[in-house]
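Structure, as structure tokens:
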Amino acid sequence: VICAPASAASSPRYTRTARALHWLVAAGVLGALAFALSFDDLPLSPRKIHLINYHKWCGLTVLFAMVLRLAWRLRHAPPALPAALAGWERRAAHATHVLIYLLLFVTPLLGWWLSSAKGFPLKYLGIVPLPDLAGKDRSLAEAIEPFHLLAAWSLLGLAGLHVGAALKHQFVDRTDFLRRMV
Ligand code: HEM
């Protein structure tokens, strides 16, 4: 009883749709990263091309889920942050969330642009053809690639902060934040 989280019963939660989209996006980012690391050192081969395709499908799932998520968010205000948070924590949470939202669009869009510039047309899940964002252009691809990587690693750094803050509130401050999104 002494250790019961402070606001377990009272804290409002995100809607079921918002929670589903949040975890779909998280899984997509982890999948895109895992496949990126798996093909990183491989020489060009059919296996590498499969892995790159899985990487692209995970990343495109993130992008499509983010379009739905943004549309949902604009119509359904998220639950207010708990009163226990200090002013700086609210500002930090808000800034981190805005940046993560931005990067969740920018990273996959740069990947899509990169794929087009490398001359690989996209077919989502091997089924749905997607338009090219550029014609094949090697120097454009070389220019985009570092920005795709920078966006990806910035996203992962911020996601690390986001997860760290959520775990700290849950297990150190015992405010049961996770319940809002789980
Ligand atoms: C959240 C989404 C994404 C993340 C976190 C991400 C991350 C990464 C990372 C870390 C790499 C470097 C892999 C290496 O070391 O070689 C990479 C490469 C790449 N990504 Fe993404 N990516 C995402 C989405 C996408 C999407 C949506 C596409 C295309 C539709 C894409 C296309 C590419 C391509 C073409 C490469 C280079 C592959 C090559 O070596 O030829 N990415 N991505």
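Numbering of ligands and ligand atoms starts at 1, following listing order. Heavy atoms only: backbone and side chains are in, while hydrogens, waters and symmetry mates are out.
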Next item on the list: For Ala36, take its heavy atoms, then give the atoms of ligand 1 lying under 4.0 Å from any of them.
Entry: 8 (C), 9 (C), 10 (C), 11 (C), 13 (C)

Next item on the list: Give a yes or no on whether Tyr101 and Trp72 share a hydrophobic cluster (residues Ile, Leu, Val, Met, Phe, Trp, Tyr; joining criterion: side-chain heavy atoms under 4.5 Å apart).
Entry: no

Checklist line | atom 5 (C) of ligand 1 [closest protein heavy-atom partner, distance rounded to 0.1 Å] | finding: Ala152 CB, 3.9 Å

Notebook entry, point to check: If you round to the nearest 0.5 Å, how far is OG1 of Thr96 from CD of Glu89?
Noted result: 11.0 Å

Item checked: Closest to atom 3 (C) of ligand 1 (judged by heavy-atom distance), picking from Leu30, Thr107, Leu110 -> Thr107

Notebook entry, point to check: Can you find an N/O atom of Asp40 closer than 3.5 Å to an N/O atom of ligand 1?
Noted result: yes

Checklist line | Over all atoms of both residues, closest heavy-atom pair of Gly59 and Ala32 | finding: N-CB, 4.1 Å

Next item on the list: Please work out which of Gly28, Gly111, Ser115, Ser38 has its closest non-hydrogen atom nearest to atom 26 (C) of ligand 1.
Entry: Gly111

Item checked: For Trp112, atoms of ligand 1 separated by under 4.0 Å from a heavy atom -> 28 (C), 29 (C), 30 (C)

Next item on the list: Any chance you could measure Leu85, atom CG, to His169, atom NE2, to the nearest 0.5 Å?
Entry: 5.0 Å

Notebook entry, point to check: Quick one: nearest non-hydrogen protein atom to atom 39 (C) of ligand 1, plus distance?
Noted result: Lys118 NZ, 3.7 Å

Check: Does Leu63 have a non-hydrogen atom less than 4.0 Å from ligand 1?
Finding: no

Note to self: Check the orientation of Tyr124 and Phe64. Use parallel for under 30°, tilted for 30 to 60°, and perpendicular for over 60°.
What the structure shows: perpendicular

Check: Do His55 and Phe39 make the cut of ring centroids closer than 6.0 angstrom?
Finding: yes

Margin query: My understanding is that we take every heavy atom of each candidate and find the minimum distance to atom 34 (C) of ligand 1. Doing that for Val106, Leu109, Leu114, which one comes out nearest?
Written below: Leu114

Checklist line | Minimum non-hydrogen distance to atom 37 (C) of ligand 1, winning option of Lys56, His148, Glu145, Met66 | finding: Glu145

Next item on the list: Tell me, yes or no, whether the heavy-atom count around Lys136 atom NZ, taken from other residues, nucleotides or ligands under 6.0 Å, exceeds 12.
Entry: no

Margin query: Show me which atoms of ligand 1 lie under 4.0 Å from any heavy atom of Leu122.
Written below: 30 (C)

Checklist line | Top protein contact for atom 6 (C) of ligand 1, by heavy-atom distance | finding: His55 CE1, 3.3 Å

Notebook entry, point to check: Non-hydrogen atoms of Phe120 versus ligand 1: any pair closer than 4.0 Å?
Noted result: no

Note to self: Testing the 3.5 Å rule here: is there a donor-acceptor pair between the side chains of Ser38 and Tyr54?
What the structure shows: no

Checklist line | More than 12 heavy atoms of other groups within 6.0 Å of Arg90 CZ | finding: yes

Check: Given side chains that start at C-beta, do those of Lys56 and Ser115 come closer than 4.5 Å, heavy atoms only?
Finding: yes

Notebook entry, point to check: Which residue supplies the protein heavy atom nearest to atom 40 (O) of ligand 1, what is that atom called, and how far is it?
Noted result: Phe39 CE1, 3.9 Å

Check: Relative to ligand 1, is Leu149 under 4.0 angstrom through side chain, backbone, both or neither, heavy atoms considered?
Finding: side chain

